[in-house]
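Source: prediction; values computed, not measured. Along the sequence shown, residues carry numbers from 1. All ligand and atom numbering here is 1-based and tracks the order in the structure. What you see below is based on every heavy atom in this structure, not just the backbone, and it leaves out hydrogens, waters and symmetry mates.
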Amino acid sequence: MSAPQQNATAQNWFTEQHARSGSSFGLRIKERLHAEQTPYQSIEIYDTTDWGKLMVIDGCTMVSTRDNFLYHEMMSHPALFTHARAKRVVIIGGGDCGTLREVLRHEEVEHAVQVEIDERVTRLAEQYFPELCESNADPRAELLFIDGIKYMAEQEPESIDVVIVDSTDPVGPAEGLFNADFYASCHRALRPSGILVQQSESPLVHLDLIKSMRTAMRVADFQAVKTLLFPQPLYPTGWWSCTMARKGADLSGFRERGAATKQFATRYYNVDMHKAALALPEFMREAFGE
Ligand code: SAM
């Protein structure tokens, strides 16, 4: 076994220390390309030696060139292949535009609105992650830079097919996206059989949060709730989740044939990974009473 490589000096590593889990994640960097404080958060962009570009918000890793496909595909395709035919999709957050790009791969989608509170996230994504922004000029896309909580509260009842909440952690501007009031506004805005899907953090260290989200979704009258699991190395523990909730219908199946014959390429999502994402480990089945 080769001698352990001398740890490079700290200055050429970006490390996120995750206090809650007593763990950290680091990427070796070439240089910091940008840093700014917006009215909402601090944003940094790094160039890494092996993971492409890295965006960090308030010290938390957000997106890297190398592994964002895992997250953006799993935040979009399970919900869109579960819905019979989603025409109007709203993304809350998602300022790096990767989720928007995946949503617009579905030709049935007629209107995709991205509601990102901080315009600087998108402008920096356009500069440093242009591949994630390649669909921003799609005529079906609409980019709004306002608070998603306020936006959802003002939507016409039964006007949306799928809501995707691709937000930061439940602190600061995102805190109000993880409670029954917000879910009630989503429920009201969704059409019958509409689907809400939200990034729901790490099953290993945020199980209490996931349980509280699921409870709050049911309080908001969502009939069915499912948590899906997938890898996401960039985020704390590297094991991530999203939670789907459906209005007035169940989440027992999805359009397997549509997913199997999809007309666009993915790097992670396929029928088997969709099914696998729905399989829960024992500790989660017990926690959810399933
Ligand atoms: N994939 C990342 C994750 O799981 O942490 C999220 C990526 S995206 C950059 C998260 C976005 O949510 C940020 O750009 C942030 O500005 C946005 N955001 C937070 N609270 C928001 C709110 N209330 N309304 C709209 N966007 C919000």
Side-chain angles (χ1 to χ4, degrees), residues 16 18 20 25 34 36-45 53-76 90-103 113-129 132-133 136 142-155 163-179 181-183 185-186 189 197-203 205-206 209-210 213 227-243 268:
E16 177 188 343
H18 190 248
R20 181 189 177 106
F25 174 80
H34 182 87
E36 73 178 77
Q37 180 65 42
T38 79
Y40 301 98
Q41 50 215 350
S42 72
I43 308 175
E44 297 168 279
I45 307 286
K53 299 290 189 296
L54 169 67
M55 179 187 287
V56 173
I57 290 184
D58 283 345
C60 299
T61 55
M62 278 297 126
V63 57
S64 87
T65 308
R66 185 170 186 178
D67 73 343
N68 75 77
F69 70 96
L70 297 161
Y71 176 86
H72 290 130
E73 290 182 20
M74 291 306 290
M75 284 292 291
S76 315
V90 170
I91 301 163
I92 304 295
D96 51 62
C97 305
T99 299
L100 176 66
R101 181 188 68 173
E102 294 305 315
V103 165
V113 187
Q114 179 177 287
V115 185
E116 163 58 60
I117 199 167
D118 190 346
E119 181 170 0
R120 291 298 301 149
V121 174
T122 297
R123 297 308 170 221
L124 289 170
E126 289 167 344
Q127 185 177 354
Y128 293 105
F129 297 89
L132 297 184
C133 302
N136 288 14
E142 181 181 5
L143 276 65
L144 299 177
F145 298 107
I146 54 175
D147 184 345
I149 300 165
K150 184 171 181 302
Y151 175 87
M152 197 52 68
E154 295 170 350
Q155 291 314 293
V163 175
I164 301 176
V165 183
D166 175 7
S167 78
T168 39
D169 302 334
V171 292
E175 189 172 4
L177 298 172
F178 290 78
N179 63 37
D181 287 347
F182 173 70
Y183 298 147
S185 63
C186 292
V197 58
Q198 181 169 23
Q199 76 89 357
S200 44
E201 309 273 323
S202 165
V205 296
H206 297 112
L209 170 71
I210 301 173
M213 289 170 66
T227 296
L228 292 83
L229 307 177
F230 53 91
Q232 179 54 69
L234 202 70
Y235 298 159
T237 77
W239 190 23
W240 215 246
S241 72
C242 63
T243 294
Y268 185 81

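- Using a 4.5 Å cut-off on side-chain heavy atoms (C-beta onward), S64 and K53 make no contact.
- Considering only non-hydrogen protein atoms, atom 18 (N) of ligand 1 sits nearest to I117 CG2, 4.0 Å.
- Of the protein's heavy atoms, Y235 OH, 2.5 Å lies nearest to atom 1 (N) of ligand 1.
- Heavy-atom distances between Y151 and ligand 1 stay at or above 4.0 Å for every pair.
- Counting protein heavy atoms only, atom 24 (N) of ligand 1 is closest to G148 N, 2.8 Å.
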- Message: One pair to check against side chain to side chain donor-acceptor pair (under 3.5 Å): T99 and S76. What are the steps and the verdict?
- Response: CA-CA 6 Å; T99 299; S76 315; 4.7 Å; no
- Query: Are Q199 and W240 close enough, and set up right, to give a side chain to side chain donor-acceptor pair (under 3.5 Å), and what steps lead you there?
  - Reply: CA-CA 8 Å; Q199 76 89 357; W240 215 246; 3.0 Å; yes
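- Of all the heavy atoms of Y71, the ones lying under 4.0 Å from any atom of ligand 1 belong exclusively to the side chain.
- Between L177 and S167 the shortest heavy-atom distance is CD1-CB, 3.5 Å.
- Counting heavy atoms under 4.0 Å from ligand 1, residue T168 touches it through both backbone and side chain.
- Interface of Q199 with ligand 1, defined as ligand atoms under 4.0 Å from a residue heavy atom, comprises 4 (O).
- Taken to the nearest 0.5 Å, the CG atom of L234 stands 9.0 Å off from the CE atom of M62.
- Taking the six-membered ring for Trp and thresholds of 30 and 60 degrees, Y128 and H34 have ring planes inclined between 30 and 60 degrees apart.
- Taking the centre of each ring, Y235 and F25 stay at or above the 6.0 Å mark.
- For ligand 1, the polar-atom distance check finds no N/O of L177 at less than 3.5 Å from any of the ligand's N/O atoms.
- Counting atoms of ligand 1 from 1 in the listed order, those under 4.0 Å from a heavy atom of A174 are 19 (C), 20 (N).
- The residue from D166, V115, I92 that puts a heavy atom closest to atom 8 (S) of ligand 1 is D166.
- With atom 7 (C) of ligand 1 as the reference point, the heavy atom nearest to it among I43, I57, D96 is part of D96.
- Annotation: atom 16 (O) of ligand 1 to nearest protein heavy atom, E116 OE2, 2.5 Å.
- Contact check for F230 versus W239: no side-chain heavy atoms found under the 4.5 Å cut-off.
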